Amino acid sequence: MTKYLSLAIIISIIFGSCTPATETNTISDKTISYKVDSLMSLMTLAEKIGQTNMFNGTWEFTGPIPADNSSQEKAEQIKNGMVGAMINVLSAKATREAQKMAVENSRLGIPLLFGYDVIHGYKTMLPVPLAQAASWSEDAARQGAEIAAREAASAGQHWTFSPMIDVSRDARWGRIMESAGEDPYLSSVMARAWVQGYQGKSLADPVSIAACAKHFAAYGFAEAGRDYNTVDISDQTLYNVVFPPFKAASDAGVATFMNAFNEINGVPATGSTFLQRDILKGAWGFEGFMVSDWGSIGEMVTHGFARDNKHAAELAMNAGSDMDMESRAYERELEGLITEGKVDIVALDDAVKRILKLKYALGLFEDPYRYCDEQREKETLLAVENLQGAREIARKTMVLFKNENNILPLSKEVKSVAVIGQLAGSKDIPLGNWRGQAVTNSAVSLLEGVQSAVSDQSKVAFAEGYILSTGTRDFIHELDIQPGDESGFAEAIRLAKSSEVVIMAVGEDCFQTGEGRSQADIALKGNQQQLLMEVLKVNKNVIVVLMNGRPLAIPEVMDQAPAIIEAWFAGSEAGNAIADVIFGDYNPSGKLPVSFPHHVGQEPLHYDRKNTGRPVTNDFDSGLVFWSHYTDAPTESLLPFGFGLSYSTFEYSNFSVTPKEKGATVTVDVTNSSKIDGTETVQVYVRDVVATVTQPVKRLVDFQQMEVSAGETRKVTFDLSEEDFGFYHKNYDFYAEDGVFDVMIGGNSRDLQSIGVTLSF
Ligand code: NOJ
């Protein structure tokens with residue numbers, strides 16, 4: 001029996017509100033609002049503050065509470081209703097135990113919210129987010145998030161701290177791996193798909209979870225790509241590059257936002273009224289709540305913005321940061337601040353209302369244990385259909401960089417294959433960083449994928465060759481990158497020499513990317529490249545498989561290897577998905593969501609640059625130096641944004657742009673001139689040639705992905721509106737300016753046909 005008859009239930013009876021969770025449950029639902037108001041009228045100040053407080057689940061919850069003071073204190077707080085949410089309480093059983101503590105002991109029995117970093121899967125790992133963006137497929141991204149949500153929900157989770165939709169243009173930044181890459185439009189498309197995938201049709205559906213758009217804002221613009229570093233950014237870039245994916249997530253109904261560790265133009269994002277109140281909750285009308293990043297309220301003291309934790313709590317709450325993750329600033333300081341009149345009770349009430357709305361929308365007041373079903377958890381985690389889905393999604397994320405003489409796809413009847421490289425044998429690295437509850441060494445390795453794909457007669461042999469990393473490879477610790485042990489070279493070269501084909505994996509350890517994993521250099525580490533060059537000397541048929549979570553500077557590999565597949569960290573089914581591409585069960589369709597440089601010194605690198613007064617002309621013949629370029633490295637990318645080959649070839653013809661009222665209609669014919677069916681992603685870019693604020697030389701405004709059968713021609717039409725031609729001006733004012741525009745079309749951001757048109761709006 002519960003200790004108290006829950007007042008929430010009394011309220012339900014009084015207001016007749018005990019309706020079952022329905023398909024229409026959203027945080028903007030009016031009836032939810034009434035329920036929350038009723039509940040709040042019964043809450044004490046302390047109970048309200050409790051809702052804004054998030055704790056880390058520091059013990060297992062499935063056993064006794066540890067005797068240490070901190071655990072005992074936390075348990076007391078939960079029982080007293082002083083905790084609104086918890087992070088890292090994992091499993092149906094643990095969440096049930098923690099939920100019981102709150103619901104059965106606290107005066108009002110308000111359920112806890114359980115959140116976790118489900119970044120690209122809970123137990124079944126999907127490709128890392130940057131890879132998912134390389135699919136350029138909303139369906140793939142949505143399906144991935146659905147799988148992640150289904151598994152996480154079965155393990156008691158209500159809420160994921162995903163998607164991370166920080167536009168990321170600096171390959172040195174380790175967290176680029178968690179993003180959708182460099183482009184605001186593609187990132188917006190992915191943001192919407194991920195939110196829809198996690199949240200499903202209704203938050204009340206127990207297989208969906210609440211999403212969290214993070215990190216608001218501009219975290220990806222950390223100076224020099226160094227994580228947590230200062231961000232100094234213009235309004236133009238903020239409005240037109242950083243904000244769009246967040247606006248898209250808000251429009252898609254994302255339940256929560258997370259602010260960021262970084263300062264932005266001198267104000268920590270966590271304390272920014274402009275970001276949280278003016279833009280998010282004001283201009284965009286966002287009705288969910290804002291959670292701080294881990295300790296980011298307290299870190300405002302370290303930033304030199306707040307005097308102490310109390311001052312930090314005041315600044316954060318007043319700025320619109322609704323929930324405190326692990327700073328313990330709200331829990332300890334808000335009561336005093338409200339009594340002293342430094343924080344208005346209206347601000348706290350607004351925060352609490354937003355938090356409670358989500359709990360109602362998730363159906364937690366009807367049944368706080370609806371996500372705590374151990375049987376469901378058992379059936380759902382690593383279910384065959386989840387793994388199958390992960391494989392299908394993963395193969396859509398692979399990008400074909402090079403395929404000289406159509407060496408790919410390989411025949412499954414191949415006589416002998418040498419699989420080379422530590423990465424090729426690893427069952428762990430493909431799982432990626434931020435790997436949820438994935439089991440160590442549980443991925444299908446590239447070696448295993450190749451072994452299961454080829455015929456019984458084919459001989460597959462493996463040599464590790466190089467050692468890239470050793471030691472404890474985990475989320476918390478530094479990685480042990482090896483400088484250059486050559487003891488495995490001889491065997492690898494011998495195998496390469498005696499095999500018909502070589503499949504060699506090079507790239508990164510997965511823990512080279514992720515939070516706190518910035519690098520000053522993005523070339524291949526250790527002696528991988530050295531071995532690859534030796535292998536290329538003894539065998540002409542070398543397929544290079546890249547595994548990495550950021551763009552790499554690999555001009556020599558691009559130059560020398562006959563075939564290259566970008567496989568990223570492809571998740572639990574990595575090896576199978578890569579083999580699907582290598583042996584032609586899947587015709588590659590991925591396109592780069594981020595530019596690859598020749599050299600790290602080109603970073604941050606993005607295709608949508610400005611022209612400058614001294615544009616990049618590549619006119620080296622003139623002998624003049626006074627134009628924008630590097631004298632010791634190329635200025636253009638090694639591989640442009642949007643790039644990706646297929647086993648098919650596509651030709652573009654009959655491109656036309658017809659002006660219409662406030663926009664233009666664009667058409668083009670796409671012909672598959674090969675003998676194999678394929679998928680092409682047709683990309684449209686626009687340039688406003690003369691504007692009151694200079695505009696990028698091109699920026700993606702739309703794309704369509706379509707299957708084109710061998711020999712078929714498909715007409716593609718795009719309807720471009722003012723939204724595609726305009727941009728945010730001063731004061732967040734959006735409109736298009738009359739004048740001349742270049743409209744460009746093609747299969748990547750470099751190889752484009754262009755037509756100039758004059759438009760008025
Ligand atoms: C810090 C990270 O910046 C954020 O993305 C993550 O969700 C939190 N830690 C919680 O783990």
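Owing to the predicted nature of the structure, the values given are computational and were not obtained by experimental measurement. When a ligand or atom number is given, it counts from 1 through the structure's own listing order.
- Taking the six-membered ring for Trp, Phe114 and Tyr371 have ring centres at least 6.0 Å apart.
- Aromatic ring centroids of Trp434 and Tyr122 lie 6.0 Å or more apart.
- In terms of N/O distances under 3.5 Å, ligand 1 is approached by Arg175.
- Judged by distance alone, the side chain of Lys427 and the main-chain N or O of Ala443 form a donor-acceptor pair under 3.5 Å.
- For ligand 1, the polar-atom distance check finds no N/O of Trp434 at less than 3.5 Å from any of the ligand's N/O atoms.
- Neither the backbone nor the side chain of Glu326 has any atom closer than 4.0 Å to an atom of ligand 1 (non-hydrogen atoms only).
- Of all the heavy atoms of Met164, none lies under 4.0 Å from any atom of ligand 1, so neither backbone nor side chain is involved.
- Checked against the 6.0 Å centroid threshold, Phe216 and Phe243 count as a close aromatic pair.
- One finds no salt bridge joining Arg226 and Asp170 here, because no Lys/Arg side-chain nitrogen approaches an Asp/Glu carboxylate oxygen to under 4.0 Å.
- Geometrically, ligand 1 and Glu178 share no nitrogen or oxygen pair separated by less than 3.5 Å.
- Using a 4.0 Å cut-off between charged nitrogen and carboxylate oxygen, Lys357 and Glu287 count as a salt-bridge pair.
- With ligand atoms numbered from 1 in the order given, ligand 1 contributes 6 (C), 7 (O), 10 (C), 11 (O) to contacts under 4.0 Å with heavy atoms of Asp117.
- Close approach of ligand 1 to Phe161 (heavy-atom distance below 4.0 Å) involves ligand atoms 7 (O).
- Residues Glu374 and Lys93 are not paired through a salt bridge, judged by the lack of any N-O separation under 4.0 Å between the basic side chain and the carboxylate.
- Residue Ile87 approaches ligand 1 through these ligand atoms, each under 4.0 Å from one of its heavy atoms: 10 (C), 11 (O).
- Shown in contact with Phe261 at under 4.0 Å from a heavy atom are these atoms of ligand 1, numbered in order with element: 1 (C), 3 (O).
- Heavy-atom proximity to Asp293, at under 4.0 Å, picks out these atoms of ligand 1: 1 (C), 2 (C), 3 (O), 4 (C), 6 (C), 8 (C), 9 (N).
- Of all atoms in ligand 1, numbered sequentially from 1 with element shown, those under 4.0 Å from a heavy atom of Lys214 are 4 (C), 5 (O), 6 (C), 7 (O).
- Taking the six-membered ring wherever Trp is involved, the centroid distance between the rings of Phe641 and Trp136 falls below 6.0 Å.
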